[in-house]
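Chain A is the first sequence line, chain B the second, and so forth, proteins listed ahead of strands; every chain is numbered from 1.
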Amino acid sequence: MTKRYKAPRGTTDVLPEDQPYWDRVWEASARICGLFGYRRIETPVFEDASLFSRGVGEVTDIVQKEMYVFEDRGGQQLALRPEGTAPVCRAYLEHGMHNLPQPVRLWYWCPIFRYDRPQAGRYRQHTQLGCEAIGEADASVDAEVIELLFRLYEDLGLQGLTLHLNSIGDGECRPRYLEALRGYYADKLEQVCNDCKERYQRNPLRLLDCKQERCQPVIAAAPPFTDHLCDACADHFSRLRAYLEEVEIEYVVNPRLVRGLDYYTRAVFEFQPQAEGAQSTVGAGGRYDGLIEQLGGRPTPGTGFATGIERIILNLKRQEVAVDAPVRPRVFVAFQTAEARSQAFRLASGLRREGIAAVVAAGERSLKAQMRHADSLGADYAAIIGKRELEHGTATLRRLSDGHQETLPLADVATIMTH
RNA sequence: GUGGGCGUCGCCUAGUGGUCUAAGGCGCCAGGUUGUGGCCCUGGAGAUCGAGGGUUCGAAUCCCUCCGUCCACCCCA
């Protein structure tokens with residue numbers, strides 16, 4: 001008894017019938033990224049593991065419990081890419097992109113790996129589209145990446161997305177805010193859930209985004225970060241808002257919005273659909289002014305986003321957005337006796353060389369079976385080479401939509417269809 | 001990592017202790033006379049009832065473990 005193989009947990013096969021969705025999202029992504037002057041970059045699927053522990057943050061969940069880490073035969077500690085920004089920053093440094101006009105605008109589309117517990121819209125391997133603008137601190141660039149992502153969703157026809165916006169400060173004001181937040185929570189730890197007691201120690205910002213009922217009153221009265229921003233961060237945030245209004249992108253300021261990666265500074269944002277569910281965020285990003293320096297470069301500001309392709313497609317399906325039909329052949333070549341086989345084979349080859357999609361019948365099936373096959377493939381025409389056609393060097397071309405057919409010289413089959 | 005629901009041919013489903021050597025629909029294959037599709041009709045292939053163990057005279061049906069999947073949490077795209 002042999003084992004029946006299945007795709008590993010949390011992974012999926014993207015079958016032919018799903019490809020039109022992927023094509024649609026890919027096409028729109030490439031077009032809109034290009035429209036904004038972003039150029040595509042591809043980085044390896046695996047990197048030095050420490051790139052992520054250093055870049056994303058040693059104590060983040062991604063690094064602590066979700067990374068696929070392995071040692072290669074040379075003893076290198078490598079990790080399957082758990083997020084896209086750190087590798088792009090590594091490439092920026094490695095290729096001296098600081099010598100290019102700043103900011104450098106890059107986009108990527110790549111698989112991401114996280115050892116998570118799978119559920120709908122959450123996979124161990126998923127695909128992210130991301131944009132990074134590196135080398136400019138001005139809020140106009142934050143607005144630019146947000147607008148790019150917004151235009152992508154708009155182009156795809158996604159409805160009901162809400163843009164949530166927040167600022168989580170920088171090295172100057174964040175420590176002060178965290179102190180204020182801890183001070184506020186210090187005498188309320190009895191009232192909050194166990195997770196929050198943990199967060200109080202490890203990651204106080206996360207206190208703000210707890211979903212437990214009992215914690216809500218405490219959160220509601222907590223001091224919002226937006227009141228504690230230093231002048232520079234407050235200025236950045238208000239400029240960002242102004243830019244967004246300039247290009248008529250609606251948003252809500254959500255003081256409870258925080259992000260799970262350590263490198264974020266100042267502006268952070270998320271696009272959330274109407275649909276219920278924990279994995280609702282479809283795209284998110286923010287500024288990461290300390291990341292390049294953290295990776296060993298000169299202090300260099302950056303901002304960007306990532307959006308999950310599987311989640312986009314999930315929403316496209318929920319909203320029944322129309323996509324192109326899967327590919328189908330223009331002509332199905334059927335033949336009747338074994339003698340006609342090579343003739344049919346040659347006809348199909350000739351059609352393809354004229355750019356006409358052609359599929360030729362295989363095996364030894366009845367004409368009826370071949371015609372059924374032609375129909376189920378959705379071919380426009382069936383070209384039939386039977387005994388009579390074989391004798392005369394002709395083919396019968398049948399239009400499947402209405403059954404109209406005529407017999408014509410083999411050489412004319414291609415020309416009649418290119419007109 | 002935590003808690004809960006679910007798991008029957010490729011897909012959807014019926015069956016909840018003996019009538020199940022498991023039924024139906026879709027799909028697949030073949031045929032409906034002599035060269036032809038879509039509708040219709042007929043037939044066929046296809047399931048060790050997620051896996052392993054246990055209870056019982058007897059289990060797809062009950063119990064345990066594992067795996068997978070879905071939902072919530074954690075976290076994230």
Side-chain angles (χ1 to χ4, degrees), chain A residues 1 3-12 15 17 25 56 59-66 82-85 109-130 149 193-196 198-199 202-203 206 209-213 258-261 270-273 276-285 305-315 332 334-337 340 361 363-390 395-405 407:
Chain A
M1 53 184 217
K3 175 180 175 179
R4 202 173 187 197
Y5 286 103
K6 290 160 73 167
R9 184 167 199 205
T11 67
T12 52
L15 300 174
E17 45 271 37
V25 180
V56 178
V59 299
T60 58
D61 275 24
I62 286 183
V63 168
Q64 283 200 329
K65 45 183 229 195
E66 296 174 5
E83 66 95 42
T85 302
W109 172 293
C110 65
I112 298 286
F113 303 86
R114 287 182 202 161
Y115 190 83
D116 244 359
R117 182 130 170 202
Q119 45 188 100
R122 181 210 270 173
Y123 305 95
R124 289 185 172 178
Q125 175 181 338
H126 72 278
T127 310
Q128 288 186 2
L129 160 71
L149 187 54
C193 69
N194 286 333
D195 281 334
C196 278
E198 185 81 10
R199 292 181 178 114
R202 282 190 44 218
N203 192 355
R206 282 255 159 239
D209 128 274
C210 182
K211 295 177 191 76
Q212 292 292 317
E213 195 63 44
V258 297
R259 312 252 51 233
L261 290 68
E270 279 184 15
F271 281 91
Q272 292 174 7
E276 309 297 316
Q279 297 70 45
S280 57
T281 299
V282 64
F305 69 78
T307 182
I309 307 304
E310 287 82 356
R311 288 188 185 176
I312 289 177
I313 290 174
L314 190 70
N315 282 284
F332 184 92
F335 60 90
Q336 202 165 31
T337 59
E364 305 270 338
R365 293 165 199 230
S366 65
L367 233 207
K368 184 195 204 78
Q370 294 180 55
M371 292 303 288
R372 279 183 174 154
H373 196 173
D375 188 63
S376 78
L377 289 181
D380 294 324
Y381 292 89
I384 302 161
I385 301 178
K387 259 196 176 120
R388 292 198 294 274
E389 289 84 351
L390 188 62
T396 296
L397 193 60
R398 180 180 176 86
R399 196 194 295 142
L400 263 16
S401 58
D402 61 3
H404 173 266
Q405 66 180 42
T407 302

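Listed by chain and residue number, A/E339, A/A340, A/K387 satisfy the side chain to side chain contact (heavy atoms under 4.5 Å, CB included) test with A/T337 (two or more places apart in sequence, or in another chain).
Within the 4.0 angstrom heavy-atom criterion, no nucleotide atom of any strand lies near A/R124. Using a 4.0 Å heavy-atom criterion, one finds that A/G363 contacts no nucleic acid atom at all. Contact annotation for A/G130: no contact, since no heavy-atom pair falls under 4.0 Å across all strands. The residue A/R259 sits close only to the backbone: its heavy atoms come under 4.0 Å of sugar-phosphate atoms, none of a base. A/E17 comes within 4.0 angstrom of nothing in the nucleic acid, heavy atoms only.
Across the C1' atoms, B/G1 and B/G58 are found 42 Å apart, a figure rounded to whole Å. Going from the P atom of B/A47 to that of B/C11 covers 13 Å, rounded to whole Å. Look at the P atom in both B/G25 and B/C41: the space between them is 10 Å, to the nearest Å. Straight-line distance between the C1' atoms of B/U56 and B/G17: roughly 9 Å, to the nearest whole Å. Remark: the separation of the C1' atoms in B/C9 and B/C29 is 15 Å, to the nearest Å. Look at the C1' atom in both B/A72 and B/G15: the space between them is 31 Å, to the nearest Å. Going from the C1' atom of B/U13 to that of B/U21 covers 22 Å, rounded to whole Å. Comparing the P positions of B/G68 and B/C26 gives an interatomic distance of 34 Å, to the nearest angstrom.
More than 12 heavy atoms of other residues, nucleotides or ligands sit less than 6.0 Å from atom CD of A/E17.
For A/D375 against B/G38, no side-chain N or O and base N or O form a donor-acceptor pair under 3.5 Å. Contact of A/Q370 with B/G35 (side chain to base): no donor-acceptor pair of N or O atoms is detected under 3.5 Å. Under 3.5 Å, the side chain of A/Q405 and the base of B/U36 form at least one donor-acceptor pair of N or O atoms.
Across all strands shown, nothing is found opposite B/C20 as a Watson-Crick or G-U wobble partner with both distances under 3.5 Å. B/G1: Watson-Crick or G-U partner is B/C73, with both key distances under 3.5 Å. Summarising the base pairing, B/G58 is matched to no nucleotide, lacking a Watson-Crick or G-U wobble pair whose two defining distances lie under 3.5 Å. Across all strands shown, B/G38 forms no Watson-Crick or G-U wobble pair with both key distances under 3.5 Å. Nucleotide B/G44: paired with B/C28 (Watson-Crick or G-U wobble, both distances less than 3.5 Å). Judged by Watson-Crick or G-U wobble contacts below 3.5 Å, the nucleotide B/A51 has B/U65 as its partner.
Rounded to an integer number of Å, the gap from NE2 of A/H373 to C1' of B/A30 is 15 Å. Remark: P of B/U2 and CG of A/D116 are 14 Å apart, rounded to the nearest angstrom.
Side-chain N/O atoms of A/R365 include one lying less than 4.0 angstrom from OP1 or OP2 on B/C29. In this structure, A/S366 reaches the B/G31 phosphate: one of its side-chain N or O atoms is under 4.0 Å from OP1 or OP2. Checking the phosphate oxygens (OP1, OP2) of B/U36, no side-chain nitrogen or oxygen of A/R372 falls inside 4.0 Å. Taking 4.0 angstrom as the limit, A/R117 places none of its side-chain polar atoms (N or O) nearer than this to OP1 or OP2 of B/G4. Between A/K368 and B/U36 there is no side-chain polar atom (N or O) within less than 4.0 angstrom of OP1 or OP2. Dashed line: the shortest gap from a side-chain N or O of A/Q119 to OP1 or OP2 of B/A72 is under 4.0 Å.
In this structure, of B/C75, B/G35, B/G37, it is B/G37 that holds the atom nearest to the side chain of A/M371. The side chain of A/T281 lies closest to B/A77, out of B/C28, B/G35, B/A77. Of the candidate nucleotides B/G68, B/G35, B/C73, B/G35 has the atom nearest to the side chain of A/I384. The listed nucleotides are B/G35, B/A77, B/C75; the one nearest the side chain of A/L367 is B/G35. In this structure, the nucleotide among B/A77, B/C75, B/G35 sitting nearest to the side chain of A/Q336 is B/G35. Distances from the side chain of A/R398 to the nucleotides B/C70, B/C75, B/G38 place B/G38 closest.
For the atom pair CG of A/L149 and CZ of A/F271, the computed distance is 4.5 Å after rounding to the nearest 0.5 Å. In this structure, CZ on A/R259 lies 9.5 Å from CG on A/D209, to the nearest 0.5 angstrom. To the nearest 0.5 Å, atom CD of residue A/E66 and atom CZ of residue A/R117 are 13.5 Å apart. We find the NE2-CZ distance between A/H404 and A/R399 to be 6.0 Å, quoted to the nearest 0.5 Å.
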Determine, for nucleotides 5-10 of chain B in 5'-to-3' order, which nucleotides have protein heavy atoms under 4.0 Å from the base (write B), from only the sugar-phosphate (write S), or from neither (write -).
-> -----S
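The minimum heavy-atom distance between A/R398 and A/G403, with the atom names listed, is NH1-O, 3.3 Å. Listed here is the closest heavy atom pair of A/W109 and A/T127: NE1-CG2, 3.6 Å.
Remark: ring of A/H126 stacked against base of B/A77; centroid gap under 5.5 Å, plane tilt under 30°.
In summary, A/D61 and A/R202 engage in a salt bridge, as defined by a charged side-chain N under 4.0 Å from a carboxylate O. A salt bridge is absent between A/E83 and A/R114: the closest approach of a Lys/Arg side-chain nitrogen to an acidic carboxylate oxygen does not fall below 4.0 angstrom.
Residues A/C210 and A/A284 both approach RNA chain B. Their nearest nucleotides, taken by heavy-atom distance, put A/C210 toward the 5′ side. Comparing A/K387 and A/L261 against RNA chain B, the residue whose closest nucleotide sits nearer the 5' end is A/K387.
Looking at A/L367, A/L397, A/T407 one by one, the single match for side chain to side chain contact (heavy atoms under 4.5 Å, CB included) with A/I384 turns out to be A/L367.
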